[in-house]
Every structure is written in structure tokens, then in C-alpha cells.
There are 2 protein chains.
Amino acid sequence: MNKVTPPPSVEADQSKGQLSARIRSDIERRILSGEWAPGYRIPIERELMETYDCARMTVNKALVALAASGLIERRRRAGSFVSQPLVQSAVIEISDVRAEVEAIGQTYSLEILSRRQRTSTASDMKRLDVQTPRPVLAVLCRHLAGKRVHAFEDRLIDLVSVPDAAELTFEKDPPGTWLREHVPWSEAENRISALNADAALSAHLGVKEGAACLQVERSTWRGAQPITAVRMYYPGDTYRLVAHFSPKGN
Amino acid sequence: MNKVTPPPSVEADQSKGQLSARIRSDIERRILSGEWAPGYRIPIERELMETYDCARMTVNKALVALAASGLIERRRRAGSFVSQPLVQSAVIEISDVRAEVEAIGQTYSLEILSRRQRTSTASDMKRLDVQTPRPVLAVLCRHLAGKRVHAFEDRLIDLVSVPDAAELTFEKDPPGTWLREHVPWSEAENRISALNADAALSAHLGVKEGAACLQVERSTWRGAQPITAVRMYYPGDTYRLVAHFSPKGN
DNA sequence: CAGTGGTCTAGACCACTGA
DNA sequence: CAGTGGTCTAGACCACTGA
């Protein structure tokens, strides 16, 4: 049984930072360099304790983090193994629209096109994924970056979950910003697709009819209770969703 | 100073599962229900130890997990506070193209349109984000679901990082699948946009010229070393990227 | 400068499961 | 059934920072 020594490349780092972080990055490096290939059985916790001369909890913390990030898989009695990198997952940060515009150095402004309170129509109920009619607030608005239309928004807010929204005029904050700041949520879903602008959308977005647009549909819930369903439309030629990611999230 | 008692709703669960998981979900429930609003200072670790009659490490594990998921923010000396839910992040699972097709109950097949080895052109170098010329493999292919085109793929593989790719004909596995199974990576980036199909793309995808298409550009690296850069094109009318998510990921 | 979180120690008992 | 990971205990010392 070979004694595993810490990789020499980090010998100089020994004093820096947390020990568990160092153990984690040592193992990560060996996996990413290919030294420990998928399927390789990494040393057991008790062996790593000796290698790094530390408590088992310290090693455990590093290995739990590696398992959470998907780099290794752990099985009782069998040991810990380098994962087959099968599933990739990307974290998309959905920032505030206003922040999005200001991040590119432009002036944000909001234009409310309509704001109507009503009992949910069949189409509303489908969007909110509910079976029974309920009071909703329907808002159409445009987000401007300078004079250019950055996005067109078509939003439904469930007034059962968010009664306060009935009073809002959204003069200060766009609906999404207000909701994010005032309403806690537990789950959401994004659906991203491309579509050709029809007459109405082309007018709203200021693009030619038929131009490719990116549509992001987002639904948000608190438990089983719907909060809001929104469709955001962006001109396809300028807008991009960018996501950085690492193996299996994180 | 009020003694915090575990929420009554879970009194019955007391014996179930791990204690740290129970502490975590108790706090999560109070935050999501709005009982503990953003900015609220949650009990300190030593207080929670008494509430749950456990060791500090057990409480700490729960709080570290809550902080990692973004529900709380922790500050030395000040305490732990319920976060303002400002940033949303979504985890997109990027599954294998073949799996994607088979998941909708259709037969997957691959059609290699071209496969060329060359020294990187200026455009290749830009796509791979490298400054010096290097050998690359350029592959164009189509992914079919039954007889319908599911996606069109335009891929570059860096032969310095992945010399083995030079020998591949991709008869069995599509390039993405082969790479995922054989080449470890550490970072990737997705860029999602919408575009109108030009003559070439409409022919490849079997859609009308001008039809909105979803484009996913993905670049993958191992450390500073580029591995591959791919553009996947999907017909906009049928394809959707779907992402489920919770507050601040996870 | 005292209170809080960050990290670690040196154990323990147990659940699970594959050699 | 023995080896491995899962979780917890009851401490400890320290870094940081805001009342």
C-alpha cells in the first residue's frame, strides 16, 4: 500500500489557508490533470488523515465538498471514486433587469404599457399552472437602455399570493425588482426559446417583423403557491445569456 | 432573550433523519414562510445548540449549508442574517445530445457532414480564445431525432489538448459525448442567443430561411488550456432550454 | 474588546454494503 | 462481516469586527 504524499507542486502552500481547502484542491488538481482518471479510487479518509496529519472531520469536509461538486462519488464500504464527467450543469445568474442595463453603462428606464387587474382567464390559469380562477395583475412593460428597447416584459402576478401588488404602480421599480425584494420564493423554472417577432412584438421591441428574438419564460412559486409568471423578450441580435460553469455545478 | 423553540410543525419529525438536516429545513421553512424576513438576525450558533441540544458542529453544518445556498449571510461578530433575495441563479443541466433525443422517445442518429484537420485559422483562434496557431479538428454534424433534425453542430477541437481526437471518426459517439467521457475539464462557458437562419443554416436544420433558431455556444477549458469550442443550433420553434432553480442555486 | 463565526481536534457509534 | 463513509460530540483556539 503506497503512502500518498501531498503533491509537490503545493508543498510551498502548506502554511496558507485552511487545511481542508488545501486537501480539496490537491485532490481536485490530481483529478483535473488526469493523474487520477475517472473510476480511480481515491485514498480513504483514514489514509488521508495520516497523509495530512489531521482529524477525520477535516478530510471529510474536503471530500464532502468534492462529492457535492460532482468530482467524486462516494460509496460506503467501497470507497470514493473519481466521477465519470457525465452531466454538465450551468449556473445562470438571472440579474435584475435594471442592473443588467446599468452593467453595460447605459441609462435604465421603465415604460409601463398597461396594468390591469382581472380574474384569471383560461390562458392566465395555464401560465400560472393553476386550476381555479383567481385575481391576477397583468402588466406589460418595456425596459429601455438609453433610447433602445432592452426587453419587453409580459407579466402575471397572482394576487392571492401577493395581495400587496394590487396597489403598486411600478413607477419606481419594475415588477421583477419589486417582487424579488418583497416576496420570498422557493422554486422557479426558466424556459428559454427563440421565436420570430410577430407584428405586435416587433413594434414593442423595435425590431423588424420576423427578427429572431430570445424568449425567457420564468415561473416562480412559494411552495405550491404560484407567485408570478413572466415572459421576457430580447432582441436576438444583441442579447445573450452567458453562463460560466464547472463540472456538475458550482 | 427569547429561547427559540423548534417550529411545532416538525415536532413529529424529531426522530427522522439527520439532525443537521432538520435544523437546516426548520430555518429554511421559517425564512420561506416569511416568518424570518430578509435582514432578520437568526439565532447564533451557541443558542441553536441549546435549542436543539446538540454540538456546535451540527448547527454549524446546517448554517454553512444555508449560507452556501444563499438563504442567509454570515458575518463575524455580527451574526447570521436572512439574505435579501437579490441574485437568482439557475442550474441548467446540459445533457448529452443523444440522451436529449432519447428522452423524448425518438431514435437518435448522427450524420457527420465534414471532418477536417487543419492549422487554426484566425477565426478558429478567436473561437478557441488562443493567440498562437495550433492544430485543430473541425467537425460539422447533424443530430437527428427520427428523420427530423434535432440540432446542427459546428465544433472545433484543440488537438494540442486532445491529440487522441485526431484519430476519431465519430462513427459511434458524437464528438460531444466522446469528449465528455474522455477529457476532463475544469471550466466552461455557455452563450445563448437567438438568430435568423441564413441559407446555409436553414438547409442544415431543415427550417425556412429566416426562421428563428436558438444558438448555444459553448467553450470548454482545462485550466488555461482550451479543449473545444462548439456552436449548437436548434430550431427555435421546437427547442427549449429548461432550468429549474431555487434561491441562489441548489 | 467581547461576541460571533471559522476551523480544527480526537475521538465515538452507527449504517450500509460489497469483497 | 469487515471496511468504508455518515454523522455527531464536546470541546479548543483563533480571526475578525462592530457595538
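Quick note on labels: first sequence line is chain A, next is B, and so on, each numbered from 1.
No donor-acceptor pair under 3.5 Å is formed between the side chain of A:Thr228 and the backbone N or O of A:Thr220.
Rounding to whole angstrom units, CZ of residue B:Arg76 and C1' of D:dC13 are separated by 12 Å. When rounded to the nearest whole Å, the span between CG of A:Leu48 and P of C:dC8 equals 14 Å. Straight-line distance from the CZ atom of B:Arg56 to the P atom of D:dC8: 16 Å, rounded to whole Å. Summarising the geometry, the separation between CD on B:Glu47 and P on C:dG3 is reported as 13 Å, rounded to the nearest angstrom. Nucleotide C:dA10 holds its C1' atom 14 Å from the CD atom of A:Glu50, rounded to whole Å. The distance between atom OH of A:Tyr52 and atom P of C:dT7, rounded to the nearest whole Å, is 17 Å. In this structure, CZ of A:Arg77 is placed 5 Å from C1' of D:dG3, rounded to the nearest angstrom. Rounded to an integer number of Å, the gap from CD1 of B:Ile42 to P of C:dT4 is 13 Å.
A side-chain donor-acceptor contact under 3.5 Å links B:Ser219 and B:Arg191.
The partner of D:dT9, taking Watson-Crick or G-U wobble pairs whose two distances both stay under 3.5 Å, is C:dA10. The partner of D:dC16 is C:dG3, judged by Watson-Crick or G-U wobble contacts that both fall below 3.5 Å.
Across D:dT7, D:dT4, D:dA10, the shortest atom-to-atom separation from the side chain of A:Arg41 is found for D:dT4. Of the candidates D:dC16, D:dC8, D:dG5, the closest approach to any side-chain atom of A:Arg46 belongs to D:dG5. Minimum atom distance to the side chain of A:Ser20 is reached by C:dC8, of the listed C:dC8, C:dG5, D:dT9.
A:Val162 is not listed as a side-chain neighbour of A:His182, based on a closest heavy-atom distance of 4.5 Å or more.
The shortest non-hydrogen separation linking B:Ala37 to B:Val82 is O-CB, 3.3 Å. The nearest pair of heavy atoms linking B:Ser80 to B:Arg74 is OG-NE, 3.0 Å.
Mapping A:Ala78 and A:Asp53 onto DNA chain C by nearest heavy atom places A:Asp53 closer to the 5' end of the strand.
In this structure, B:Arg75 reaches the sugar-phosphate backbone alone: every heavy-atom distance under 4.0 Å involves primed, P, OP1 or OP2 atoms, never a base.
Listed pair B:Ser80 / C:dT4 fails the phosphate criterion, with no side-chain N or O lying under 4.0 Å from OP1 or OP2.
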